[in-house]
*Asks:* 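Structure below; questions to follow.
Here, residue 1 is the first one in the sequence, and each next residue gets the next number. These numbers were taken from a predicted model, which means no experiment stands behind them.
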Amino acid sequence: MSLIIGTYNQWGQPWSGKRLGSSGLTVGRYGCYATSIAALIKNYAIADDPGELGDKLNAIVGFDPGGLVKYDSVMRAYPQLYFNERVYTTNDPSNNVQKMDIKVAINRIQHLMKMGFPSILCVDNVLNDGIPDHAVVCVEAPYDLSKWKIMNPDGGKIENFKERYGDVEKFLYGFVSIVGPPVESEMGGFGTAAWK
């Protein structure tokens with residue numbers, strides 16, 4: 001099965017200078033998450049680019065003061081979508097957060113992909129210091145982890161996860177799933193967004 005994921009570059013685009021709420025931060029500099037959401041929602045037949053998504057979220061105060069997307073705002077801006085979960089894996093260095101075993105998280109992402117629901121993955125893109133600071137979209141998540149593919153807003157390209165960030169089992173820090181209207185799945189028939 002092939003998911004339909006947008007390939008958006010957060011840099012050097014018409015939307016790159018758009019502000020993330022009142023934070024003063026821009027899509028180009030800090031908008032990997034908003035860019036990833038725009039890429040992901042294309043799978044649910046929503047063609048808004050990162051600028052259009054940002055405009056809709058700005059209209060409803062959809063970013064927190066630090067420029068981070070508020071999950072409930074995505075559902076208000078796009079009522080057909082449902083924020084399913086935000087998961088931190090055992091690789092994440094954060095304290096005071098509940099963490100999911102990395103192997104369980106990988107299995108969950110693979111299951112979501114088979115159902116036709118891509119996930120946003122949290123990775124370390126800056127300094128290679130083990131601190132998650134970037135969002136990418138999972139495009140393919142086969143059993144062979146060395147073949148995982150991502151859409152990276154840092155360049156707007158489809159890339160191999162391992163070649164860009166290293167071993168999935170070591171360098172996947174978390175994921176977010178936002179599900180949408182029923183989509184064709186590998187498991188036969190259609191998936192369902194009724195996971196509320």
*Asks:* Taking side chain as C-beta onward, heavy atoms only, is Pro118 less than 4.5 Å from Ile5?
*Replies:*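 SC-SC contact between Pro118 and Ile5 confirmed.
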*Asks:* Please give me the minimum heavy-atom distance between Gly130 and Pro93, naming the atom from each residue.
*Replies:*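 Result for this residue pair: O-CG, 3.5 Å.
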*Asks:* Looking only at side chains, do Tyr78 and Asp48 share a donor and an acceptor under 3.5 Å apart?
*Replies:*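 Yes - a donor-acceptor pair under 3.5 Å links their side chains.
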*Asks:* Are side-chain heavy atoms of Met113 and Cys138 found at a separation under 4.5 Å?
*Replies:*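 The answer is yes; the side chains approach within 4.5 Å.
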*Asks:* Under 4.5 Å between any side-chain heavy atoms of Lys114 and Leu112, yes or no?
*Replies:*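 No, too far: nothing below the 4.5 Å cut-off.
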*Asks:* Between Ser22 (side chain) and Pro65 (backbone), is there a donor-acceptor pair under 3.5 Å?
*Replies:*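 Side chain of Ser22 to backbone of Pro65, a donor-acceptor pair under 3.5 Å: no, none is there.
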*Asks:* State whether the side chain of Asn58 and the backbone N or O of Gly54 hold a donor-acceptor pair below 3.5 Å, judged by distance alone.
*Replies:*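 Indeed, once roles are kept as given, a pair shorter than 3.5 Å links the two residues.
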*Asks:* Whether Glu169 and Lys103 form a salt bridge (side-chain N of Lys/Arg under 4.0 Å from carboxylate O of Asp/Glu) is what I want to check.
*Replies:*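 Looking at Glu169 together with Lys103, the answer is yes, because their closest N to O distance falls below 4.0 Å.
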*Asks:* Within a strict 4.5 Å, meaning less than it, do heavy atoms of the Ser94 and Pro132 side chains meet?
*Replies:*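 No, their side chains stay 4.5 Å or more apart.
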*Asks:* How long is the span from the CD1 atom in Ile178 to the OG atom in Ser119, to the nearest 0.5 Å?
*Replies:*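 Here the interatomic distance stands at 9.5 Å.
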*Asks:* Of all the heavy-atom pairs spanning Ala135 and Cys32, show the shortest one and how long it is.
*Replies:*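 Closest approach of Ala135 to Cys32: N-SG, 3.4 Å.
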*Asks:* Side-chain heavy atoms under 4.5 angstrom apart, residues restricted to Ile, Leu, Val, Met, Phe, Trp, Tyr: same cluster for Tyr82 and Leu3?
*Replies:*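 Yes, Tyr82 connects to Leu3 through the hydrophobic network.
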*Asks:* For Val61 and Lys70, run side-chain contact (heavy atoms from CB on, under 4.5 Å): C-alpha distance rounded to whole Å, both residues' side-chain angles, the deciding distance at 0.1 Å, then the answer.
*Replies:* CA-CA 9 Å; Val61 191; Lys70 297 179 191 175; 3.9 Å; yes
*Asks:* Do Asn125 and Asp133 have a side chain donor and acceptor closer than 3.5 Å?
*Replies:*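 The criterion, which ignores hydrogens and geometry beyond distance, is not satisfied for Asp133 and Asn125.
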*Asks:* Return the set of residues passing salt bridge (charged side-chain N to carboxylate O under 4.0 Å, His left out) with Asp49 (not counting sequence neighbours), or none when no residue passes.
*Replies:*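 Checked Asp49 against salt bridge (charged side-chain N to carboxylate O under 4.0 Å, His left out); zero matches.
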*Asks:* Should Glu140 and Pro142 count as side-chain neighbours, where that means a heavy-atom distance under 4.5 Å?
*Replies:*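 Yes, their side chains come closer than 4.5 Å.
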*Asks:* Distance alone, cut at 3.5 Å: any donor-acceptor contact between the side chains of Asn152 and Tyr8?
*Replies:*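 No donor-acceptor contact under 3.5 Å links the two side chains.
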*Asks:* Ignoring hydrogens and geometry, is there a side-chain-to-backbone donor-acceptor pair from Asn43 to Ile4 under 3.5 Å?
*Replies:*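 Judged by distance alone, yes, a pair lies under 3.5 Å.
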*Asks:* Say whether, by atom type as modelled, one donor and one acceptor occur between the side chain of Lys99 and the main chain of Asp92 under 3.5 angstrom.
*Replies:*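 Pair found, side chain donor or acceptor close to backbone of Asp92.
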*Asks:* Under the rule for salt bridge (charged side-chain N to carboxylate O under 4.0 Å, His left out), what residues qualify as partners of Asp64, not counting sequence neighbours?
*Replies:*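 None.
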*Asks:* Taking a hydrophobic cluster as the set of Ile, Leu, Val, Met, Phe, Trp and Tyr residues connected by side-chain heavy atoms closer than 4.5 Å, whether directly or through intermediates, do Phe175 and Ile131 fall within one such cluster?
*Replies:*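 Not linked; separate clusters.
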*Asks:* Which distance, rounded to the nearest 0.5 Å, do you find between the CG of Asp124 and the CZ of Phe171?
*Replies:*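 Result: 8.5 Å between the selected atoms.
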*Asks:* Under 4.5 Å between side-chain heavy atoms, counting indirect links through other Ile/Leu/Val/Met/Phe/Trp/Tyr residues: same cluster for Ile150 and Val126 or not?
*Replies:*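 Different clusters.
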*Asks:* To the closest 0.5 Å, what do you measure between OG1 (Thr89) and CD1 (Ile109)?
*Replies:*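 Reported to 0.5 Å precision, the distance equals 8.5 Å.
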*Asks:* If hydrophobic clusters are built by linking Ile, Leu, Val, Met, Phe, Trp and Tyr wherever their side-chain heavy atoms come under 4.5 Å apart, do Val69 and Tyr30 end up in the same one?
*Replies:*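 In one cluster with Val69: Tyr30, yes.
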*Asks:* Is it possible for you to check whether Arg86 lies under 6.0 Å from the centre of the six-membered ring of Phe83, through NZ or CZ, and within 45° of that ring's axis?
*Replies:*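 No - Arg86 does not lie over the ring of Phe83 by the 6.0 Å and 45° rule.
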*Asks:* Locate the shortest heavy-atom distance separating Trp11 from Asp154; write the atom from each residue and the value.
*Replies:*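 Looks like NE1-OD1, 3.2 Å.
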*Asks:* Going by heavy atoms in the side chains, are Thr7 and Lys157 under 4.5 Å from each other?
*Replies:*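 Sidechains of Lys157 and Thr7: no contact.
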*Asks:* If I take atom CD from residue Gln80 and atom CE from residue Met75, how far apart are they, to the nearest 0.5 angstrom?
*Replies:*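 Nearest 0.5 Å value for the CD-CE distance: 12.0 Å.
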*Asks:* Between Asp167 and Lys162, is there a side-chain N and carboxylate O pair less than 4.0 Å apart?
*Replies:*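 Salt bridge flag = no for Lys162 with Asp167.
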*Asks:* What residues, two or more places apart in sequence or in another chain, satisfy ring pair (Phe, Tyr, Trp, His ring centres under 6.0 Å) together with Tyr33?
*Replies:*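 Partners of Tyr33 by the ring pair (Phe, Tyr, Trp, His ring centres under 6.0 Å) criterion come out as none, since no residue qualifies.
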*Asks:* Looking only at non-hydrogen atoms, find the nearest pair between Val137 and Ala39 and report the distance.
*Replies:*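 In this case the closest contact between Val137 and Ala39 is CG2-CB, 4.1 Å.
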*Asks:* Quick check on Asn128: does its CG atom have over 12 non-hydrogen neighbours (other residues, nucleotides or ligands) under 6.0 Å away?
*Replies:*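 No - once you tally the heavy atoms of other residues, nucleotides and ligands closer than 6.0 Å, there are 12 at most.
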*Asks:* Sub-3.5 Å donor-acceptor pair from the side chain of Asn84 to the main-chain atoms of Val179, do we have one?
*Replies:*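 Pair absent, no side-chain N/O of Asn84 close to backbone of Val179.
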*Asks:* Heavy atoms, side chains only, cut-off 4.5 Å: are Phe117 and Tyr44 in contact?
*Replies:*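 They are in contact (side-chain heavy atoms under 4.5 Å apart), so the answer is yes.
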*Asks:* Once you round to the nearest 0.5 Å, how far does CG of Leu53 lie from NZ of Lys18?
*Replies:*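 It comes to 11.0 Å.
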*Asks:* Treat each ILVMFWY residue as a node, draw an edge where side-chain heavy atoms are under 4.5 Å apart, and state whether Met100 and Ile120 are in one component.
*Replies:*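 In one cluster with Met100: Ile120, yes.
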*Asks:* What's the shortest heavy-atom distance between Tyr165 and His134, and which atoms?
*Replies:*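 Smallest interatomic distance, heavy atoms only, reads OH-CD2, 3.4 Å.
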*Asks:* Give me the ring orientation class for Phe161 and Trp148: parallel if the planes are under 30° apart, tilted from 30 to 60°, perpendicular past 60°.
*Replies:*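 Geometry flag for Trp148 against Phe161: perpendicular rings.
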*Asks:* What is the distance from atom CD1 of Ile60 to atom NZ of Lys56, rounded to the nearest 0.5 Å?
*Replies:*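 If I round to the nearest 0.5 Å, the distance is 10.0 Å.
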*Asks:* Between Thr26 and Arg29, does any side-chain donor sit less than 3.5 Å from a side-chain acceptor?
*Replies:*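 On atom types as modelled, these side chains do not qualify, holding no pair under 3.5 Å.
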*Asks:* Decide side-chain contact (heavy atoms from CB on, under 4.5 Å) for Gln110 and Ile106; before the verdict, give the C-alpha distance in whole Å, the side-chain angles of both, and the deciding distance to 0.1 Å.
*Replies:* CA-CA 6 Å; Gln110 289 171 323; Ile106 288 168; 3.8 Å; yes
*Asks:* Is any side-chain heavy atom of Arg108 closer than 4.5 Å to one of Glu85?
*Replies:*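 A side-chain contact exists here, since the closest heavy-atom pair is under 4.5 Å.
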*Asks:* Minimum heavy-atom separation for Leu57 and Ala77, please, with both atom names.
*Replies:*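 Residues Leu57 and Ala77, closest heavy atoms: CD2-CB, 4.0 Å.
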